[in-house]
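Remember, it's 1-based here, ligands and their atoms both numbered in the order they're listed.
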Amino acid sequence: MSLQDIQTRIAKAEADAGRAPGSVTLIAVSKVQPNARVQAVLDEGHRCFGENKVQEASGKWPEFRETYKGIDLHLIGPLQSNKTRAAMGLFNAIHTLDRPKLAKAIARIAQEEGQCPDLFVQVNTGEEDQKAGVLPTDADAFVAECVALDLPVKGLMCIPPVNEEPALHFALLAKIAARNGLSGLSMGMSSDFERAIALGATHIRVGSAIFGERVAG
Ligand SMILES: *Cc1c(COP(=O)(O)O)cnc(C)c1O
(Lines give C-alpha, C1' and ligand atoms only; values in the text may rest on other atoms or scores of the structure.)
Protein backbone atom coordinates (compact mmCIF):
# COMPACT_ATOMS: atom_id res chain seq x y z
CA MET A 1 0.00 0.00 0.00
CA SER A 2 1.36 3.42 -0.86
CA LEU A 3 1.83 6.38 1.41
CA GLN A 4 -0.92 8.13 -0.50
CA ASP A 5 -3.38 5.30 0.11
CA ILE A 6 -2.69 5.49 3.84
CA GLN A 7 -3.19 9.26 3.82
CA THR A 8 -6.51 8.78 2.03
CA ARG A 9 -7.62 6.25 4.63
CA ILE A 10 -6.58 8.58 7.47
CA ALA A 11 -8.56 11.45 5.94
CA LYS A 12 -11.63 9.22 5.65
CA ALA A 13 -11.28 8.00 9.24
CA GLU A 14 -10.94 11.60 10.46
CA ALA A 15 -14.07 12.60 8.56
CA ASP A 16 -16.04 9.54 9.74
CA ALA A 17 -15.17 10.42 13.34
CA GLY A 18 -16.12 14.07 12.84
CA ARG A 19 -12.57 15.15 13.44
CA ALA A 20 -10.72 17.99 11.75
CA PRO A 21 -8.68 17.13 8.65
CA GLY A 22 -5.02 16.88 9.64
CA SER A 23 -5.74 16.23 13.32
CA VAL A 24 -3.93 12.89 13.13
CA THR A 25 -0.15 12.73 12.73
CA LEU A 26 1.12 9.80 10.68
CA ILE A 27 4.36 8.39 12.07
CA ALA A 28 5.87 6.22 9.33
CA VAL A 29 7.63 3.42 11.21
CA SER A 30 10.83 2.78 9.28
CA LYS A 31 12.57 0.32 11.63
CA VAL A 32 14.63 -2.32 9.78
CA GLN A 33 13.45 -1.07 6.41
CA PRO A 34 16.07 -0.71 3.68
CA ASN A 35 17.22 2.87 3.17
CA ALA A 36 15.89 2.90 -0.40
CA ARG A 37 12.32 2.39 0.83
CA VAL A 38 12.71 5.11 3.46
CA GLN A 39 14.16 7.45 0.88
CA ALA A 40 11.22 6.83 -1.45
CA VAL A 41 8.83 7.99 1.28
CA LEU A 42 11.02 11.03 2.00
CA ASP A 43 10.98 11.83 -1.72
CA GLU A 44 7.18 11.79 -1.60
CA GLY A 45 7.45 14.63 0.91
CA HIS A 46 6.72 12.77 4.15
CA ARG A 47 8.81 13.93 7.11
CA CYS A 48 7.52 12.19 10.24
CA PHE A 49 9.13 8.82 11.06
CA GLY A 50 9.35 6.35 13.92
CA GLU A 51 12.17 4.06 15.00
CA ASN A 52 12.25 1.57 17.86
CA LYS A 53 16.01 1.41 18.52
CA VAL A 54 18.31 4.31 19.37
CA GLN A 55 21.33 2.67 17.81
CA GLU A 56 19.66 1.80 14.52
CA ALA A 57 18.20 5.30 14.25
CA SER A 58 21.60 6.90 14.99
CA GLY A 59 23.02 4.98 12.05
CA LYS A 60 20.68 6.32 9.41
CA TRP A 61 18.85 9.50 10.39
CA PRO A 62 21.71 12.04 10.80
CA GLU A 63 22.57 11.46 7.16
CA PHE A 64 18.95 11.72 5.98
CA ARG A 65 18.68 14.97 7.94
CA GLU A 66 21.52 16.46 5.91
CA THR A 67 19.60 15.83 2.71
CA TYR A 68 16.00 16.35 3.81
CA LYS A 69 14.97 19.29 5.97
CA GLY A 70 12.29 19.21 8.62
CA ILE A 71 12.49 15.56 9.63
CA ASP A 72 10.41 14.80 12.74
CA LEU A 73 11.75 11.66 14.40
CA HIS A 74 9.88 9.67 17.06
CA LEU A 75 11.25 6.95 19.34
CA ILE A 76 8.59 4.27 19.75
CA GLY A 77 10.68 1.47 21.30
CA PRO A 78 12.00 0.92 24.84
CA LEU A 79 14.66 3.34 26.04
CA GLN A 80 17.53 2.10 28.22
CA SER A 81 18.65 4.70 30.74
CA ASN A 82 22.23 4.70 29.44
CA LYS A 83 20.97 5.76 25.99
CA THR A 84 18.84 8.63 27.26
CA ARG A 85 21.21 11.41 26.23
CA ALA A 86 21.72 9.96 22.75
CA ALA A 87 17.97 9.54 22.31
CA MET A 88 17.27 13.10 23.43
CA GLY A 89 19.78 14.42 20.92
CA LEU A 90 18.29 12.48 18.04
CA PHE A 91 14.52 12.29 18.55
CA ASN A 92 11.89 15.03 18.50
CA ALA A 93 9.57 12.86 20.57
CA ILE A 94 9.88 9.86 22.87
CA HIS A 95 6.78 7.66 23.20
CA THR A 96 8.13 5.19 25.74
CA LEU A 97 8.54 7.05 29.01
CA ASP A 98 7.66 4.27 31.44
CA ARG A 99 9.53 4.55 34.74
CA PRO A 100 10.63 7.08 37.37
CA LYS A 101 14.32 6.45 36.81
CA LEU A 102 13.98 7.36 33.14
CA ALA A 103 11.85 10.41 33.94
CA LYS A 104 14.54 11.67 36.33
CA ALA A 105 17.32 11.06 33.80
CA ILE A 106 15.40 12.93 31.10
CA ALA A 107 14.68 15.82 33.47
CA ARG A 108 18.35 16.12 34.43
CA ILE A 109 19.58 16.08 30.82
CA ALA A 110 16.84 18.50 29.73
CA GLN A 111 18.13 20.93 32.38
CA GLU A 112 21.68 20.61 31.11
CA GLU A 113 20.80 20.87 27.43
CA GLY A 114 18.04 23.43 27.76
CA GLN A 115 15.71 21.34 25.61
CA CYS A 116 13.62 18.23 25.74
CA PRO A 117 11.76 16.10 23.20
CA ASP A 118 7.98 15.82 23.47
CA LEU A 119 7.13 12.94 25.76
CA PHE A 120 4.43 10.26 25.82
CA VAL A 121 3.95 8.00 28.81
CA GLN A 122 3.59 4.37 27.76
CA VAL A 123 0.73 2.56 29.48
CA ASN A 124 0.62 -1.24 29.59
CA THR A 125 -3.14 -1.35 29.03
CA GLY A 126 -3.17 -5.13 28.69
CA GLU A 127 -1.16 -5.56 31.91
CA GLU A 128 1.15 -7.97 30.10
CA ASP A 129 4.25 -9.15 31.96
CA GLN A 130 6.49 -8.98 28.91
CA LYS A 131 5.39 -5.50 27.86
CA ALA A 132 6.79 -2.16 28.97
CA GLY A 133 4.67 0.67 30.27
CA VAL A 134 3.12 1.70 33.55
CA LEU A 135 0.04 -0.18 34.71
CA PRO A 136 -3.27 1.64 34.24
CA THR A 137 -3.65 1.93 38.03
CA ASP A 138 -0.23 3.59 38.32
CA ALA A 139 -0.64 5.94 35.37
CA ASP A 140 -2.13 8.96 37.17
CA ALA A 141 0.61 9.01 39.82
CA PHE A 142 3.36 8.57 37.25
CA VAL A 143 2.03 11.36 35.01
CA ALA A 144 1.87 13.62 38.07
CA GLU A 145 5.46 12.73 38.93
CA CYS A 146 6.59 13.62 35.39
CA VAL A 147 4.70 16.90 35.47
CA ALA A 148 6.30 17.72 38.83
CA LEU A 149 9.68 17.24 37.14
CA ASP A 150 8.60 19.83 34.54
CA LEU A 151 8.71 17.28 31.75
CA PRO A 152 6.80 18.13 28.55
CA VAL A 153 4.34 15.23 28.70
CA LYS A 154 2.09 15.52 25.64
CA GLY A 155 0.11 12.35 25.98
CA LEU A 156 -0.06 8.60 26.42
CA MET A 157 0.95 5.66 24.27
CA CYS A 158 -0.13 2.01 24.19
CA ILE A 159 0.51 -1.21 22.29
CA PRO A 160 -2.53 -3.48 22.75
CA PRO A 161 -2.08 -7.24 23.28
CA VAL A 162 -1.94 -9.08 19.95
CA ASN A 163 -5.00 -11.25 20.43
CA GLU A 164 -7.42 -8.78 21.93
CA GLU A 165 -9.78 -6.24 20.41
CA PRO A 166 -7.60 -3.12 20.26
CA ALA A 167 -10.56 -0.75 20.59
CA LEU A 168 -10.95 -1.66 24.27
CA HIS A 169 -7.35 -0.64 24.87
CA PHE A 170 -7.66 2.54 22.83
CA ALA A 171 -10.74 3.54 24.81
CA LEU A 172 -8.98 2.85 28.10
CA LEU A 173 -5.95 4.90 27.06
CA ALA A 174 -8.22 7.79 26.00
CA LYS A 175 -10.00 7.68 29.36
CA ILE A 176 -6.73 7.80 31.33
CA ALA A 177 -5.46 10.67 29.17
CA ALA A 178 -8.67 12.67 29.59
CA ARG A 179 -8.68 12.45 33.37
CA ASN A 180 -5.03 13.60 33.39
CA GLY A 181 -5.68 16.53 31.07
CA LEU A 182 -3.49 15.13 28.30
CA SER A 183 -4.48 15.65 24.67
CA GLY A 184 -1.99 13.38 22.91
CA LEU A 185 -2.85 9.75 22.14
CA SER A 186 -0.23 7.60 20.42
CA MET A 187 -2.14 4.50 19.36
CA GLY A 188 -2.98 2.50 16.26
CA MET A 189 -0.74 0.57 13.87
CA SER A 190 -1.08 -0.88 10.35
CA SER A 191 -3.90 -3.26 11.25
CA ASP A 192 -6.02 -0.99 13.43
CA PHE A 193 -5.26 2.69 12.86
CA GLU A 194 -8.78 3.54 11.70
CA ARG A 195 -10.24 2.22 14.95
CA ALA A 196 -7.63 4.22 16.84
CA ILE A 197 -8.60 7.40 14.97
CA ALA A 198 -12.27 6.77 15.78
CA LEU A 199 -11.27 6.65 19.46
CA GLY A 200 -9.20 9.83 19.41
CA ALA A 201 -5.66 8.91 18.30
CA THR A 202 -3.53 11.97 17.59
CA HIS A 203 -0.46 9.97 16.54
CA ILE A 204 -0.67 6.68 14.66
CA ARG A 205 2.38 4.48 14.15
CA VAL A 206 2.19 2.73 10.79
CA GLY A 207 5.03 0.59 9.44
CA SER A 208 4.32 -2.39 7.22
CA ALA A 209 1.25 -0.88 5.53
CA ILE A 210 3.49 1.88 4.12
CA PHE A 211 6.82 0.18 3.58
CA GLY A 212 5.81 -3.43 3.08
CA GLU A 213 6.65 -6.33 5.34
CA ARG A 214 9.77 -5.95 7.43
CA VAL A 215 12.55 -8.24 6.28
CA ALA A 216 13.76 -8.84 9.83
CA GLY A 217 13.14 -7.70 13.37
C1 LIG B 1 6.80 -1.74 14.70
C2 LIG B 1 5.91 -0.90 15.50
C3 LIG B 1 4.80 -0.27 14.92
C4 LIG B 1 4.39 -0.44 13.48
O5 LIG B 1 3.85 -1.72 13.27
P6 LIG B 1 3.12 -2.08 11.88
O7 LIG B 1 2.25 -3.21 12.25
O8 LIG B 1 4.20 -2.45 10.93
O9 LIG B 1 2.37 -0.90 11.43
C10 LIG B 1 4.03 0.54 15.74
N11 LIG B 1 4.33 0.74 17.03
C12 LIG B 1 5.39 0.15 17.62
C13 LIG B 1 5.66 0.42 19.06
C14 LIG B 1 6.21 -0.69 16.88
O15 LIG B 1 7.26 -1.27 17.49
| task | Anything with a heavy atom under 4.0 Å from ligand 1 counts, so go ahead and list those protein residues by chain and number. | result | Val29, Lys31, Ile76, Ile159, Met189, Ser190, Arg205, Val206, Gly207, Ser208, Arg214

| message | When you measure from the side chain of Glu56 to the backbone of Lys31, do you find a donor-acceptor pair of N or O atoms at a distance under 3.5 Å? | response | no

| query | For Arg179, what residues pass the salt bridge (Lys or Arg N to Asp or Glu O under 4.0 Å) criterion, not counting sequence neighbours? | reply | Asp140

| query | Given the side-chain rings of His74 and Phe120, with only the six-membered ring counted for Trp, is the space between their centroids under 6.0 Å? | reply | no

| Would you say the side chains of Ser2 and Asp5 form a donor-acceptor pair under 3.5 Å? | yes

| request: Using atom types as modelled and distance alone, determine if a side-chain donor or acceptor of Glu51 lies under 3.5 Å from a backbone N or O of Leu73. | output: no

| field | Ion pair check, Lys12 and Glu194, cut-off under 4.0 Å | value | no

